[in-house]
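Below is one structure; the comments refer to it alone.
In what follows, chains carry the letters A, B, and so on, assigned in the order in which the sequence lines appear, proteins first and then strands, with residues in each chain numbered from 1.
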There are 2 protein chains.
Amino acid sequence: MSLPHAILTALLEKPSSGLELARRFDRSIGYFWSATHQQIYRELGRLEEKALIRALPSDRPAQGKRKEYEVLPAGRAELTAWVARREDPKQIRDPLLLRMRAAAVVGTAGLEAELERHLELHRRQLAEYEDIERRDFGEEPADEPDRLRHLVLQAGIDQETFWIGWLTKALAGLRTT
Amino acid sequence: MSLPHAILTALLEKPSSGLELARRFDRSIGYFWSATHQQIYRELGRLEEKALIRALPSDRPAQGKRKEYEVLPAGRAELTAWVARREDPKQIRDPLLLRMRAAAVVGTAGLEAELERHLELHRRQLAEYEDIERRDFGEEPADEPDRLRHLVLQAGIDQETFWIGWLTKALAGLRTT
DNA sequence: ATTCACATGTAAATCGTTACATGATTAC
DNA sequence: GTAATCATGTAACGATTTACATGTGAAT
């Protein structure tokens with residue numbers, strides 16, 4: 001149940017229309033919580049119905065017309081409560097690891113190329129994160145919100161670093177065959 | 001579309017009934033691809049219909065009766081093809097990182113306790129993986145399938161290590177406030 | 001006027017989760 | 001024979017994904 005909270009966070013950072021949100025879910029917040037525009041529109045409808053957000057008044061509302069939303073106090077309260085809620089980490093669920101396990105049974109044909117491809121993709125993602133880090137968190141010191149956002153970005157960086165390290169190990173292991 | 005392939009892999013490792021599979025998806029394969037018994041039964045039905053697996057002959061088939069499945073050649077071929085298939089890594093989707101980002105907007109109340117709880121959970125998971133490593137991959141050298149399975153386990157270990165490191169950093173950062 | 005990009009939305013299929021129902025087997 | 005457990009399965013719902021439909025506004 002994280003999508004509504006992702007949307008509340010995004011709207012608190014900046015009131016937006018559905019499509020703007022969809023675009024921000026392709027970068028920024030989307031780096032650790034992706035969503036399509038359909039998910040977003042549906043969820044906006046639900047959040048509005050529950051009175052956690054509202055559409056900003058428009059002179060002439062119509063379908064196909066831009067609609068901007070903002071968070072109501074009840075929405076901020078819900079998000080505040082969610083931050084402190086207990087929620088266990090989910091099990092890892094990774095198709096690549098599964099494929100490696102399958103390869104142990106049916107052979108590794110074609111796997112090496114996939115690992116190399118993934119390695120390259122993770123290298124690119126890491127470079128992108130590091131660009132963002134330089135751009136947004138270059139100079140110290142920062143206030144608390146910025147330090148928290150930096151920590152989140154750091155998690156992305158660390159995660160990509162883990163993948164690059166593991167894929168390198170795995171490729172070395174495969175080639176020793 | 002990984003669940004059918006997870007099941008094919010599990011069945012190739014050892015022909016099993018639905019419930020046995022469900023149990024193995026709580027450990028072993030389940031460490032990186034979890035599934036409930038309902039998902040498994042539904043998928044077993046589909047795989048049987050597509051003639052990728054078959055139920056082993058039983059003297060008196062009946063509902064509520066144990067039914068063991070094995071992989072047919074077509075199933076093995078499908079799995080072999082899947083190992084080499086191009087499939088991009090999925091975007092990270094992590095509620096905890098999202099909560100951290102939300103905390104940058106609405107405050108960190110209650111977050112520290114959650115981070116500590118997660119840290120403890122990841123430490124436990126790491127210990128479990130390391131037990132498995134000692135038990136199953138203690139002595140070298142190993143054949144190729146075992147080296148591949150070891151690499152998969154290593155990914156789990158590295159991933160937990162990443163989390164422990166990041167959570168430690170994050171807690172230190174939070175407390176500097 | 002027509003076209004194109006913007007913006008919102010509907011529909012359908014699959015996946016994932018939770019609750020529940022039912023038959024078979026075993027232990028007592 | 002009754003209860004407990006094993007095993008398979010149905011049903012319902014929400015989340016996710018993909019494809020498509022519709023209306024608006026700006027450019028030519």
Side-chain angles (χ1 to χ4, degrees), chain A residues 1-8 10-11 15-26 29-30 32-50 53-56 58-69 82 87-95 98, chain B residues 1-8 10-11 15-26 29-30 32-50 53-69 87-95 98:
Chain A
M1 282 288 296
S2 297
L3 179 57
H5 302 103
I7 291 178
L8 288 172
L11 287 181
S16 307
S17 68
L19 197 58
E20 270 172 17
L21 281 177
R23 297 224 169 95
R24 288 166 62 199
F25 274 79
D26 279 340
I29 292 191
F32 39 93
W33 200 272
S34 63
T36 63
H37 80 270
Q38 290 82 351
Q39 283 175 278
I40 290 167
Y41 283 121
R42 182 172 31 175
E43 200 60 45
L44 283 172
R46 288 180 192 162
L47 288 169
E48 189 176 22
E49 199 180 341
K50 285 196 276 181
I53 65 174
R54 65 164 187 151
L56 292 181
S58 156
D59 43 337
R60 193 165 49 85
Q63 209 222 312
K65 192 81 182 308
R66 201 187 132 80
K67 239 163 88 183
E68 189 146 271
Y69 290 92
W82 181 68
E87 198 174 307
D88 285 351
K90 282 210 314 233
Q91 288 284 94
I92 302 169
R93 226 178 202 197
D94 192 289
L98 197 54
Chain B
M1 281 287 296
S2 298
L3 179 57
H5 301 103
I7 291 178
L8 288 173
L11 286 182
S16 307
S17 68
L19 198 58
E20 271 172 15
L21 281 177
R23 296 224 169 96
R24 287 164 63 197
F25 274 79
D26 279 339
I29 292 190
F32 39 93
W33 201 274
S34 62
T36 62
H37 81 271
Q38 290 82 350
Q39 282 176 279
I40 290 167
Y41 283 122
R42 184 169 32 174
E43 200 61 45
L44 282 172
R46 289 179 193 163
L47 288 170
E48 190 176 20
E49 199 179 340
K50 286 195 276 180
I53 64 174
R54 66 163 188 154
L56 292 181
S58 156
D59 43 336
R60 193 165 46 85
Q63 208 221 313
K65 191 80 183 305
R66 201 187 132 80
K67 238 163 88 182
E68 190 146 89
Y69 290 93
E87 199 174 307
D88 284 351
K90 282 209 316 232
Q91 288 285 92
I92 302 168
R93 227 179 201 198
D94 193 291
L98 196 55

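Computed from coordinates, the A/Glu20 CD to C/dA5 C1' distance equals 15 Å when rounded to whole Å. Atom-to-atom, CG of B/Leu19 to P of C/dA24 comes out at 16 Å; the value is rounded to the nearest Å. Across the protein-nucleic acid pair, B/Leu21 atom CG and D/dG9 atom P stand 12 Å apart, rounded to whole Å.
Judged by closest nucleotide on DNA chain D, B/Ser17 is the one of A/Ala35 and B/Ser17 placed further toward the 5' end.
The side chain to side chain donor-acceptor pair (under 3.5 Å) test applied to B/His37 returns no partner, not counting sequence neighbours. Residues that satisfy the side chain to side chain donor-acceptor pair (under 3.5 Å) test with A/Glu48, not counting sequence neighbours, are absent from this structure.
No donor-acceptor distance shorter than 3.5 angstrom exists from the side chain of A/Glu43 to the backbone of A/Ile40, with no hydrogens or angles considered. Using a distance-only test at 3.5 Å, with no hydrogens or angles considered, a donor-acceptor pair links the side chain of A/Arg93 to the main chain of B/Ser34.
A donor and an acceptor atom sit less than 3.5 Å apart, one in the side chain of B/Arg42 and one in the base of C/dG16.
Atoms CD1 and OH, from B/Ile7 and B/Tyr41 in turn, are 11.0 Å apart once rounded to the nearest 0.5 Å.
When the side-chain nitrogen and oxygen atoms of B/Arg66 are compared with OP1 and OP2 of C/dG23, none of them lie within a distance under 4.0 Å. Distances shown here put a side-chain N or O of B/Tyr41 below 4.0 Å from the OP1 or OP2 atom of D/dT8.
Taking 4.0 Å as the cut-off between side-chain N and carboxylate O, A/Glu20 and A/Arg23 do not count as a salt-bridged pair.
When distances are taken from the side chain of A/Lys67 to each of C/dG16, C/dG9, D/dA7, the shortest belongs to C/dG9.
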Could you pull out the protein-nucleic contacts involving nucleotides 18-21 of chain D (nitrogen or oxygen on both sides, under 3.5 Å)?
| unit_1 | atom_1 | unit_2 | atom_2 | d |
| --- | --- | --- | --- | --- |
| D/dA19 | N6 | A/Gln38 | NE2 | 2.7 |

